[in-house]
Amino acid sequence: MADFLSEAWLQEHPPADVPEVSAVVQHVVSGGPDGNVNYTVTYKKGTPTVAPGKCAGDPDVTLTLSYDDAQSLADGDMTLPIAFMRGNLKAEGAMPTIMALLHANR
């Protein structure tokens with residue numbers, strides 16, 4: 001089994017499709033055992049493609065959360081909307097895309 005948030009883990013655990021969304025979403029996970037982790041999800045007509053690292057250019061949305069909260073999301077102990085409502089997930093950028101991501105990941 002791949003280490004949490006490693007490139008292999010990201011490929012094994014792709015994000016959900018988000019119908020009708022075409023956007024670049026930068027994910028920032030802070031406070032991990034090896035420091036911060038950045039990865040980019042590019043949605044084309046709702047279908048996601050994941051790449052490790054920062055995106056080349058300005059993302060449409062940036063989502064930031066702690067390593068522990070990312071682990072809770074991955075384990076199914078918390079949902080993206082709950083993390084957002086609790087203030088654990090910081091979201092910046094295009095509000096329609098943010099709302100679509102939250103709706104698709106309930």
Side-chain angles (χ1 to χ4, degrees):
M1 186 161 151
D3 290 335
F4 180 58
L5 294 179
S6 67
E7 186 172 354
W9 186 90
L10 291 170
Q11 297 306 316
E12 291 172 8
H13 299 86
D17 287 356
V18 182
E20 305 301 319
V21 169
S22 291
V24 176
V25 180
Q26 181 68 62
H27 291 259
V28 180
V29 180
S30 63
D34 298 321
N36 294 349
V37 176
N38 292 283
Y39 64 95
T40 304
V41 180
T42 302
Y43 293 91
K44 290 189 180 178
K45 296 183 181 177
T47 303
T49 302
V50 181
K54 294 182 179 180
C55 66
D58 294 328
D60 298 296
V61 170
T62 300
L63 301 178
T64 306
L65 72 162
S66 73
Y67 182 86
D68 291 339
D69 289 331
Q71 185 71 63
S72 292
L73 287 170
D75 292 343
D77 297 332
M78 183 171 27
T79 64
L80 207 58
I82 296 294
F84 181 75
M85 287 186 289
R86 289 181 180 167
N88 299 28
L89 172 71
K90 305 296 183 212
E92 299 176 27
M95 190 53 72
T97 301
I98 293 168
M99 297 309 293
L101 291 169
L102 293 174
H103 187 270
N105 289 283
R106 339 181 236 168

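Residue indices begin at 1 and follow the sequence shown.
Here the OG1 atom belonging to Thr47 is positioned 4.5 Å from the CG atom belonging to Asp17, to the nearest 0.5 angstrom. Atoms CG and CG, from Leu5 and Asn36 in turn, are 11.0 Å apart once rounded to the nearest 0.5 Å. To the nearest 0.5 Å, atom CG of residue Leu89 and atom CG of residue Leu65 are 6.0 Å apart. Rounding to the nearest 0.5 angstrom, the gap separating the CZ atom in Phe4 from the NE2 atom in His13 is 9.0 Å. We find the CD-OG1 distance between Glu92 and Thr64 to be 6.0 Å, quoted to the nearest 0.5 Å.
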query = What do the steps show when you test Gln26 against Thr62 for side chain to side chain donor-acceptor pair (under 3.5 Å), and what is the final call?
reply = CA-CA 5 Å; Gln26 181 68 62; Thr62 300; over 6 Å; no
inquiry  = Walk me through whether Val41 and His27 qualify under side-chain contact (heavy atoms from CB on, under 4.5 Å).
reply    = CA-CA 8 Å; Val41 180; His27 291 259; 3.6 Å; yes
ask   = Taking it one step at a time, do Gln71 and Asp77 satisfy side-chain contact (heavy atoms from CB on, under 4.5 Å)?
value = CA-CA 9 Å; Gln71 185 71 63; Asp77 297 332; over 6 Å; no
message = Run the side chain to side chain donor-acceptor pair (under 3.5 Å) test on Ser72 and Asp69 for me, step by step, so that the C-alpha distance in whole Å, both residues' side-chain angles and the decisive distance to 0.1 Å come before the verdict.
response = CA-CA 5 Å; Ser72 292; Asp69 289 331; 4.9 Å; no
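A side-chain donor-acceptor contact under 3.5 Å links Ser22 to the backbone of Lys45.
Crowding of Asp75 atom CG: a count of heavy atoms from other residues, nucleotides or ligands under 6.0 Å exceeding 12. The 12-atom threshold is not exceeded at NE2 of His103, counting heavy atoms of other residues, nucleotides or ligands nearer than 6.0 Å. More than 12 non-hydrogen atoms from other residues, nucleotides or ligands lie less than 6.0 angstrom from CD of Gln11. Dense packing is recorded around CD of Glu12, with more than 12 heavy atoms of other residues, nucleotides or ligands lying under 6.0 Å away.
For the residue pair Ala16 and Asn105, the shortest heavy atom distance occurs at CB-OD1, 4.0 Å. Summarising the geometry of Ala8 relative to Ala2, their closest heavy-atom pair is CB-CB, 3.7 Å, with the distance given to 0.1 Å. Across Phe84 and Ala91, no two heavy atoms sit closer than the pair CE1-CB, 3.9 Å.
Using a 4.5 Å heavy-atom threshold, the side chains of Leu101 and Leu63 count as touching. Between Tyr39 and Val29 there is a side-chain heavy-atom pair separated by less than 4.5 Å. In this structure, the side chains of Thr97 and Val21 come closer than 4.5 Å at one or more pairs of heavy atoms.
Under the 4.5 Å side-chain heavy-atom criterion for grouping Ile, Leu, Val, Met, Phe, Trp and Tyr, Val24 is not connected to Val37 through any hydrophobic cluster. Using a 4.5 Å cut-off between side-chain heavy atoms of Ile, Leu, Val, Met, Phe, Trp and Tyr, with links allowed through other members, Val50 and Tyr43 fall into the same hydrophobic cluster. There is no path of hydrophobic side-chain contacts, each under 4.5 Å, that joins Val28 to Leu73.
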